[in-house]
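The structure under discussion appears below in the form of structure tokens.
For ligands, and for the atoms within them, numbers begin at 1 and follow the listed sequence. Side-chain atoms are counted along with the backbone in the values below, which use heavy atoms only and exclude waters and symmetry mates.
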Amino acid sequence: MSAYDVIIIGAGPGGYVSAIRCAQLGLKTAVVEGRETLGGTCLNVGCIPSKALLHASHMLHETKHNFGEMGLEGETTFDWPKMLAYKDKTIGQNTGGVEFLFKKNKIDWLKGWATIPEAGKVKVGDEVHEAKHIVIASGSEPAPLKGVEVDEEVIVTSTGALELKEVPKRLAVIGAGVIGLELGSVYARLGSEVTVVEYLDHITPGLDAEVARNFQKLLTKQGLTFKLGAAVQKAEKGKGGVTLTFQNRKDESEESLEADVVLLATGRRPFYEGLGLDGLGVELTKRGQIATDAHYKTSVEGIYAIGDVREGPMLAHKAEDEGMAIAERLAGQAGHVNYDVIPGVIYTHPEVASVGKTEEQLKEEGRAYKVGKFPFMGNARAKAVFAAEGFVKLLADKETDRILGCHLIGPGAGDLIHEICVAMEFGAAAEDVARTCHAHPTFSEAVREAALACGDGAIHA
Ligand code: NAI
């Protein structure tokens with residue numbers, strides 16, 4: 001038996017970041033992780049491998065669509081097993097990096113799956129370890145859908161979609177959320193006929209509606225087909241592939257389509273199986289998340305929860321920030337997360353990014369706001385690199401000019417958004433961004449132009 005100040009359950013972005021911060025603040029820390037490698041869903045079967053495949057498939061797209069115009073000639077083909085090997089190498093570099101950081105910070109990795117027999121104790125295999133504080137950071141898993149039985153070969157979740165034996169001729173995606181559109185894009189660029197079936201009458205729920213509409217148009221131009229307002233009922237495996245049946249919500253008519261592979265991407269649910277929460281009396285919310293107070297305390301003294309298992313967006317960076325905040329709290333500091341400034345990014349091409357309120361939310365709140373918009377068509381750098389699709393939309397308070405939100409679709413959107421995150425964190429006005437000198441020629445100028453458009457007007461539009 002060994003005794004720790006903190007034992008963290010789960011080595012995903014929430015858990016491993018929390019462990020590093022705990023160790024930096026002088027707490028004796030261990031992390032329980034049952035996977036072969038550290039990094040959780042994000043590094044092993046989520047964010048990181050999907051970004052490798054998005055990058056590779058985007059490069060292929062560029063060779064096919066824009067290389068010729070630049071005088072770069074010759075046909076580029078691709079080798080799927082090699083592309084998967086590149087993806088696996090990327091995973092290895094990152095999971096290995098976390099292992100290195102554990103050693104550097106003297107964090108113990110307790111290999112295995114944890115149970116919590118009682119507060120203050122964590123059991124891994126046959127060993128029981130003592131901990132003053134236990135932080136549950138066990139993440140999430142794909143939510144099942146009635147009538148769709150996942151085998152991770154032909155009916156897959158994101159995990160199986162990153163490991164397909166071959167590129168399917170026809171891919172059906174259930175759900176036009178982040179996973180469906182990122183992975184749908186990958187396979188569309190690699191030559192699959194991709195059909196996305198979505199329950200709602202628009203894609204990407206929660207996104208600013210104008211951005212969502214433009215995003216759908218761009219994806220359609222890239223070859224994705226959308227069936228909106230369609231509730232999937234079942235997926236049946238046959239000799240020639242899978243038959244996906246859905247009901248059109250408008251007239252309740254039934255329709256089906258044939259696919260070689262079906263990707264189920266209808267959301268994720270908190271994962272805490274096997275921890276023994278029932279016996280401990282840890283309370284759950286109505287939605288099955290671990291209930292916590294604002295400082296991540298569960299209903300049981302000494303047990304905390306962060307990341308996907310508790311409320312809030314299921315995003316790696318939200319989990320990371322909660323991981324740092326709980327570490328600071330356990331070390332006697334005032335850890336805190338600003339939930340009003342958590343960016344969201346979809347890593348398609350172009351990328352989509354947002355932070356703060358959407359226009360729909362502001363309308364609902366009855367708030368007086370102004371909109372500053374700037375199209376990437378007016379950005380010299382974007383035009384030079386075949387990336388002039390999309391726009392920046394900045395929302396600011398009509399009276400005070402304070403930035404309330406930003407929604408953008410365009411080149412490097414996932415990086416550009418952070419200028420606005422910092423501005424919002426400092427309570428900046430659109431004019432503060434507009435008066436900040438931005439280097440030319442950069443994509444960032446489009447953000448400044450949107451800020452100028454909140455005032456006397458953009459220059460290049
Ligand atoms: P999601 O919640 O983003 O989207 C699921 C979609 O499925 C919704 O549009 C929903 O209306 C639709 N749907 C539900 N039931 C349906 C049915 N029966 N028939 C047709 N459509 C149906 O979930 P997703 O894409 O699976 O992602 C899960 C989580 O992982 C999300 O919280 C997401 O934020 C996170 N994630 C984030 C990424 C990023 O930040 N880039 C990348 C991948 C995942």
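Using a 4.0 Å cut-off to heavy atoms of Pro205, the atoms of ligand 1 that qualify are 8 (C), 9 (O). Ligand 1 places these atoms under 4.0 Å from at least one heavy atom of Leu200: 11 (O). For ligand 1 and Tyr199, the ligand atoms under 4.0 Å from any heavy atom of the residue are 16 (C), 20 (C), 21 (N), 22 (C). Listed by atom number, the atoms of ligand 1 under 4.0 Å from Leu145 heavy atoms are 18 (N). Shown in contact with Ala230 at under 4.0 Å from a heavy atom are these atoms of ligand 1, numbered in order with element: 19 (N), 20 (C). Counting the atoms of ligand 1 from 1 in the order shown, those under 4.0 Å from a heavy atom of Val197 are 20 (C), 21 (N). Every atom of ligand 1 with a heavy atom of Met314 under 4.0 Å away is listed here by number and element: 32 (O), 34 (O), 35 (C). Atoms of ligand 1 found under 4.0 Å from any heavy atom of Tyr347 (numbered from 1 in listed order, with element): 41 (N).
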Step-by-step side chain to side chain donor-acceptor pair (under 3.5 Å) determination, Arg213 to Gln216: CA-CA 5 Å; Arg213 276 195 305 276; Gln216 191 188 333; over 6 Å; no
Criterion side chain to side chain donor-acceptor pair (under 3.5 Å) on Glu419 and His438, from CA distance to verdict: CA-CA 11 Å; Glu419 169 175 5; His438 284 60; 2.5 Å; yes
Intermediate values then yes/no, side chain to side chain donor-acceptor pair (under 3.5 Å), Gln24 and Asn105: CA-CA 7 Å; Gln24 285 172 335; Asn105 287 285; 4.6 Å; no
Stepwise side chain to side chain donor-acceptor pair (under 3.5 Å) check, Thr285 with Glu311: CA-CA 9 Å; Thr285 66; Glu311 66 175 310; over 6 Å; no
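Glu351 and Gly414 get closest at one heavy-atom pair: OE1-N, 2.8 Å.
Remark: Arg329 fails to qualify as a cation-pi partner of Tyr296 under the 6.0 Å distance and 45° angle criteria applied to the six-membered ring. Judged by the 6.0 Å and 45° rule, Lys297 forms no cation-pi pair with Tyr304.
Among Ala353, Gly175, Gly267, Gly414, the residue whose heavy atom sits closest to atom 26 (O) of ligand 1 is Gly267. For the residues Ala316, Gly344, Ala176, Gly177, the heavy atom positioned nearest atom 4 (O) of ligand 1 is part of Gly177. Nearest to atom 41 (N) of ligand 1 by heavy atom, out of Val148, Val352, Val345, is Val345. Relative to atom 42 (C) of ligand 1, the option among Leu207, Leu263, Val178, Leu183 with the closest non-hydrogen atom is Val178. Among Glu182, Arg268, His317, the residue whose heavy atom lies nearest to atom 29 (C) of ligand 1 is Arg268.
Nearest protein heavy-atom contact of atom 17 (C) of ligand 1 is Val232 N, 3.9 Å. Ranking the protein heavy atoms by distance from atom 8 (C) of ligand 1 puts Glu198 OE1, 3.4 Å first. In terms of protein heavy-atom proximity, atom 15 (N) of ligand 1 is closest to Thr266 CG2, 3.6 Å. Residue, atom and distance of the protein heavy atom nearest to atom 5 (C) of ligand 1 are Ala265 O, 3.4 Å. When hydrogens are left out, the protein atom nearest atom 25 (O) of ligand 1 is Ile179 N, 2.9 Å; that is the closest non-hydrogen contact.
By the 30° and 60° cut-offs, the orientation of the rings of Phe78 relative to Trp80 is perpendicular. Using bins of under 30°, 30° to 60° and over 60° for the plane-to-plane angle, the ring pair His349/His58 lands in the parallel bin.
Using a distance-only test at 3.5 Å, with no hydrogens or angles considered, a donor-acceptor pair links the side chain of Glu198 to the main chain of Ala176.
The residues Lys373 and Glu449 are annotated as not salt-bridged, no charged nitrogen and carboxylate oxygen being separated by less than 4.0 angstrom.
Looking at Leu315 against ligand 1, only its side chain comes within 4.0 Å, counting heavy atoms.
The number of heavy-atom neighbours closer than 6.0 Å to NE2 of His61, taken from other residues, nucleotides and ligands shown, is above 12.
Heavy-atom distances between Pro313 and ligand 1 stay at or above 4.0 Å for every pair.
Ile403 pairs with exactly one of Ile420, Val355, Leu395 by the side chain to side chain contact (heavy atoms under 4.5 Å, CB included) rule, that one being Ile420.
Between Ile346 and ligand 1, no pair of N/O atoms sits closer than 3.5 Å.
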